Number of protein chains: 2
Amino acid sequence: MTFVFNERDGCGKCPIRHRAICARCDADELVRLEGLKSYKTIEAGQTIIWRGDDLSHFSSLVSGIASLSRTLEDGRTQMVGLLLPSDFIGRPGRDVVEFDVTAVTDVTLCRFDRKPFEQLVDEIPHVSQRMMEMALDELDAARDWMVLLGRKTAREKIATFLEMIVRRDQTPVHSGGQHVLPLTREEIANFLGLTLETVSRQLSVMKKDGIVAFSDRRHFAITDLEALHAATGDDADGGMII
Amino acid sequence: MTFVFNERDGCGKCPIRHRAICARCDADELVRLEGLKSYKTIEAGQTIIWRGDDLSHFSSLVSGIASLSRTLEDGRTQMVGLLLPSDFIGRPGRDVVEFDVTAVTDVTLCRFDRKPFEQLVDEIPHVSQRMMEMALDELDAARDWMVLLGRKTAREKIATFLEMIVRRDQTPVHSGGQHVLPLTREEIANFLGLTLETVSRQLSVMKKDGIVAFSDRRHFAITDLEALHAATGDDADGGMII
DNA sequence: CGCTATCTTGAATCCCTTCAAGTCGCGTGG
DNA sequence: CCACGCGACTTGAAGGGATTCAAGATAGCG
């Protein structure tokens, strides 16, 4: 981590201050939020909330990566979303979650008790406006992902995934074009609707094709950005939102 | 159609009065909306908006069915949502649409010019609250569908689809358990991430299994509801939201 | 009555999965 | 320091479910 988050700093120094649900809030509104919040950290691999659990808190992801997923009776798992810093967990007007939320890396949450938070949402339009904006962005992203899951080949899925990782990578300095792959092969497979073997095979093919180069299992660089995009199956301008 | 919608009736008689974006509005707010609205009808098969088009209007679907879809360069198409009466088209804060919107049946829209409508959203919390609620419901539905697209078999997809149609069927009297199939085999295929041949084959299998009976290509009845649910791959309580 | 779009069914093919056998990398402890 | 063990990953071979290509059946409509 190049960046260390310090819980004692106020909202003003919060790394997600300008992208989270509080993005539009003014100083007064921030003070109100400040009085309600508390932090919680979760270790990589731990489940944050199980599907069907009571939603006692509403949270913003401050640092780390979490996943949203569902598992069918027989164990087949599908990831339905990746939560990055500034994304929120929970929703007003519903008291249970529909998906399992799991910490992919170590995670820090900024939490609010549900009841007071819901009241606050009604009273501070800046919060509800921002939440709607974020919900609609997520909806577009989810629909983009549906196209991938329903119609793309394994190769196209991998290419689209890598392109998304690169686009969303917020590493301050893209150190020599190196990017971190935050997921294991199995997690990638569950995200793309594939098996881990197919993910591994397709990554090998793209290595051989000179599109991507791995320095180790978790670090890669794109060596041919155009070829990567051509392999996604998307048209020139069309891009994923997520 | 058992129900005939009459444009001359006020919002008070509107069939989607209590489910659309206006659901929470009081009488005064309704008057304001009433002054802005206009109706438009679209024939089955016509495109309502193309992906990338400027979003000049914001609309609620009053009657009929529309689809949201995207087509890749080479013609592969994935439907990402079915729009039923009360669903809305467009989103505040963005001026182009990300997906093609097509009338599956004849469709009636209740439209608002975008600029005045966006202003109204900011001023009437009852509208923005309801829109957020609807957006979050759609998000859950989209994520449910991602599980289907990524992990379910053809048979499970078909079973889930039929179950969804039955659950959402609003036919006043379920005439003898008969339901209307509003989509062609090809449209179903594009919705489920399959080919039309596979859809046809799986429907035949389920007929032979005594789960569903077709009176003609567009009308069916579920003859074994439990077997249908067992074939979806979902657990007992878990259900799609869409 | 016959045309045409829609749908069904069959046969061959293919891409991804499944099953299986290694390889790699890293932390642990002798 | 290196052997050991284990989880993560890679690669191969076989199998299967969905697609593709093709032919025919059905139904709606002029």
Side-chain angles (χ1 to χ4, degrees), chain A residues 43-46 67 72 74-78 102 104-105 148-162 180-209 212-220 231 233, chain B residues 43-46 72 74-78 104-106 148-162 180-209 211-220 231 233:
Chain A
E43 265 179 33
Q46 297 299 307
S67 72
L72 298 177
D74 59 0
R76 283 172 291 175
T77 298
Q78 178 64 51
T102 310
V104 174
T105 64
L148 175 145
L149 292 172
R151 290 301 186 204
K152 290 194 176 180
T153 63
R155 182 185 169 89
E156 290 170 335
K157 286 177 174 181
I158 295 288
T160 307
F161 171 73
L162 290 178
V180 178
L181 202 56
L183 306 178
T184 65
R185 300 293 184 264
E186 185 175 17
E187 288 165 336
I188 297 171
N190 288 338
F191 198 22
L192 298 177
L194 297 170
T195 59
L196 68 92
E197 293 95 331
T198 300
V199 170
S200 182
R201 264 185 263 272
Q202 291 298 331
L203 284 174
S204 297
V205 172
M206 298 188 80
K207 267 186 278 184
K208 208 166 52 186
D209 290 353
V212 63
F214 279 80
S215 57
D216 67 51
R217 287 166 171 179
R218 290 291 190 130
H219 296 268
F220 69 96
Chain B
E43 265 179 35
Q46 298 299 307
L72 300 176
D74 60 0
R76 283 173 290 174
T77 298
Q78 179 63 51
V104 173
T105 65
D106 288 351
L148 174 144
L149 292 172
R151 290 302 185 202
K152 290 194 177 183
T153 64
R155 182 186 169 88
E156 289 170 335
K157 286 177 174 182
I158 295 288
T160 307
F161 172 72
L162 290 176
V180 177
L181 202 56
L183 307 178
T184 64
R185 300 292 185 265
E186 185 175 17
E187 287 165 338
I188 297 171
N190 288 337
F191 198 21
L192 299 177
L194 297 170
T195 60
L196 68 93
E197 293 95 328
T198 300
V199 170
S200 182
R201 264 185 263 272
Q202 292 298 331
L203 284 174
S204 296
V205 172
M206 298 190 80
K207 268 187 279 185
K208 209 166 54 188
D209 290 351
I211 294 177
V212 62
F214 278 80
S215 56
D216 66 53
R217 287 166 172 178
R218 290 289 190 131
H219 296 267
F220 70 95

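None of the values given here were measured: they were computed from a predicted structure.
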[X] [atom1] - [N] [atom2] separation (whole Å):
{"X": "B:I158", "N": "D:dA18", "atom1": "CD1", "atom2": "C1'", "value": "12 Å"}
{"X": "A:L196", "N": "C:dA20", "atom1": "CG", "atom2": "P", "value": "15 Å"}
{"X": "B:E156", "N": "D:dG17", "atom1": "CD", "atom2": "C1'", "value": "12 Å"}
{"X": "A:Q202", "N": "D:dC9", "atom1": "CD", "atom2": "P", "value": "16 Å"}
{"X": "B:K157", "N": "D:dT19", "atom1": "NZ", "atom2": "P", "value": "7 Å"}
{"X": "A:R155", "N": "C:dC14", "atom1": "CZ", "atom2": "P", "value": "18 Å"}
{"X": "B:E187", "N": "C:dC7", "atom1": "CD", "atom2": "C1'", "value": "14 Å"}
{"X": "B:R151", "N": "C:dT17", "atom1": "CZ", "atom2": "P", "value": "7 Å"}

Please report the interatomic distance [atom1]([X]) to [atom2]([Y]), rounded to the nearest 0.5 Å.
{"X": "A:T77", "Y": "A:E186", "atom1": "OG1", "atom2": "CD", "answer": "7.5 Å"}
{"X": "A:K152", "Y": "B:L72", "atom1": "NZ", "atom2": "CG", "answer": "6.0 Å"}
{"X": "A:R217", "Y": "A:T184", "atom1": "CZ", "atom2": "OG1", "answer": "11.5 Å"}
{"X": "A:L181", "Y": "A:L183", "atom1": "CG", "atom2": "CG", "answer": "6.5 Å"}

Distance-only donor-acceptor test (3.5 Å): side chain B:R201, base D:dG17: no

Name the closest nucleotide to the [X] side chain, picking from [options].
{"X": "A:R217", "options": "D:dA8, C:dT8, D:dA18", "value": "D:dA8"}
{"X": "A:R218", "options": "D:dT26, C:dT8, D:dC9", "value": "D:dC9"}
{"X": "B:D216", "options": "D:dG28, D:dA18, C:dC7", "value": "D:dG28"}
{"X": "A:E197", "options": "D:dT26, D:dT11, C:dT8", "value": "D:dT11"}

Indicate whether OP1 or OP2 belonging to [N] is found under 4.0 Å from a side-chain N or O atom of [X].
{"X": "B:T184", "N": "C:dT6", "result": "no"}
{"X": "B:S204", "N": "C:dT9", "result": "yes"}
{"X": "B:R185", "N": "C:dT8", "result": "yes"}
{"X": "B:T195", "N": "D:dA18", "result": "no"}

Sugar-phosphate only, base, or nothing, as touched by B:L203 at under 4.0 Å among non-hydrogen atoms: nothing

B:E43 backbone acceptor or donor facing B:Q46 side chain under 3.5 Å: no

Backbone of A:R151 reached by a side-chain donor or acceptor of B:R76 within 3.5 Å: yes

Geometric class of the A:F220/A:F214 ring pair [parallel <30°, tilted 30-60°, perpendicular >60°]: tilted

Rounded (10°) bend between the five-pair end axes of the helix from C:dC1-D:dG30 to C:dG30-D:dC1: 20°

Under 3.5 Å, sequence neighbours excluded: what are the donor-acceptor pairs made by side chains of residues 202-209 of chain A?
unit_1	atom_1	unit_2	atom_2	d
A:S204	OG	A:S200	O	3.1
A:D209	OD2	A:R155	NH1	3.0
A:D209	OD2	A:R155	NH2	3.3

